[in-house]
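It should be emphasised that the depicted structure is a prediction, and the values quoted were computed from it without experimental measurement. We number each residue from 1, following the sequence as shown.
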Amino acid sequence: MILLAAVLGPEQIARYKDHGIINQITEEETEGPNQGYRYTLSSNEKLYLLSECLSRQVLPESELSAVTRAKTDNSAQGYEGLMGTYAFVTNRQGPSDKEIADEEIFTICNQELETLKKLGVLSEQVKEVDPLAYSAVLYSAIDVLEPQNNMAVWHVSLSTSQQNADKANRLIDAYIDADSGKIYSFYARTDSLWTQMKPDQIMDAWGEYLGLTGRETYDSENPLMETTSDFVKYRFPGMEERSTIVTIGFYEGVNEVFIKLT
């Protein structure tokens, strides 16, 4: 009897389970067509990935910085934004249902600007982003050799079509995480002066805002690489024992403060 149960038991159980699902309609949530598989990256890893990708394309900068920066011919041919093992490419499929949508990005940007103001990262006088005066483009930052390491990023920038627009106390551009809405990098005009700013406190607040860990002060080997004398550099752990260099700086004359990644 025991032997018979051992032989026939599993088959009877299988038939019972099949009876419960055969000819039955079931529903299961799946990712949308625009959502590729992505590992969950830490804040430090996202910062590093974005810095690597941005370093391999022409960064939008203030007019002053753009004029003084030497031009290079290192742009990739045939694949926009691709150099070496990292790519920063336009996401032409649009955001997935789990990412910030086109119609939401300016609202989210303004919410995050308010948060940065309360934290003391930005001046209270920085104005809200007006959708009529700004453009927003969705990008994908990808580690080409490890494509599971990728993130979607919104680039919000003051529209270049606005000739002689008043830039006082305005956001010039920013890179925003399409998942969390957090602002990773920005340039903004301000009414504050560099002598009034406390870079260490600003970096503490910005790092905590993003959830970054392991910050260290970084002494640049070549300070002449910056187009301003008003800056402080920091280092955060990134991926595979590599680091991200974050610079907080200020362009005197146009009163523009920035946090950039390298």
Check your understanding: So, Phe88 versus Tyr139, ring centres under 6.0 angstrom or not?
Key -> yes
From the list Thr217, Thr247, Asp200, side-chain hydrogen bond (donor to acceptor under 3.5 Å, both in side chains) with Tyr234 holds only for Asp200
- Message: In the structure I gave you, are the side-chain heavy atoms of Leu50 and Leu261 within less than 4.5 Å of one another anywhere?
- Response: yes
Inset, instruction - Apply the test side chain to side chain contact (heavy atoms under 4.5 Å, CB included) to residues Val257 and Leu122: give CA-CA distance (whole Å), side-chain angles for both, the deciding distance (0.1 Å), then the verdict. - result: CA-CA 8 Å; Val257 63; Leu122 284 173; 4.3 Å; yes
Original post:
When you look at Phe258 and Tyr251, which way does the ring pair (Phe, Tyr, Trp, His ring centres under 6.0 Å) test go after all the steps?
Top reply: CA-CA 8 Å; Phe258 62 86; Tyr251 292 117; 5.0 Å; yes
ask   = Are Leu193 and Met197 co-members of a hydrophobic cluster defined by side-chain heavy atoms under 4.5 Å apart?
value = no
- Query: Ion pair present between Lys117 and Glu124, side-chain N to carboxylate O less than 4.0 angstrom?
  - Reply: no
Quiz item: Would a distance-only check, ignoring hydrogens and angles, find a side-chain to backbone donor-acceptor pair under 3.5 Å from Asp230 to Trp194?
Solution: no
Got more than 12 heavy atoms from elsewhere within 6.0 Å of CD, Gln196?
yes
task = Could you tell me whether a side-chain N or O of Tyr218 sits under 3.5 Å from a main-chain N or O of Phe236, the two making a donor and an acceptor?
result = no
> Could you walk me through whether Asn255 and Thr190 pass the side chain to side chain donor-acceptor pair (under 3.5 Å) check?
Replying inline: CA-CA 6 Å; Asn255 278 32; Thr190 176; over 6 Å; no
### Query
Would you call Asp177 and Lys46 a salt bridge, using N to O less than 4.0 angstrom?
yes
Counting only heavy atoms not in Glu208, do more than 12 sit closer than 6.0 Å to its CD atom? no
Over 12 foreign heavy atoms within 6.0 Å of NZ, Lys118 = no
Backbone N or O of Cys109 within a donor-acceptor pair of the Glu112 side chain at under 3.5 Å?
-> no
Taken in chain and number order and not counting sequence neighbours, the residues that satisfy side-chain hydrogen bond (donor to acceptor under 3.5 Å, both in side chains) with Thr115 are none
With a 4.0 Å cut-off on N to O distance, would you call Glu226 and Lys260 a salt bridge? yes
(request) May I have the step-by-step check of side chain to side chain donor-acceptor pair (under 3.5 Å) for Ser159 and Ser135, ending in yes or no? (result) CA-CA 6 Å; Ser159 178; Ser135 63; 5.6 Å; no
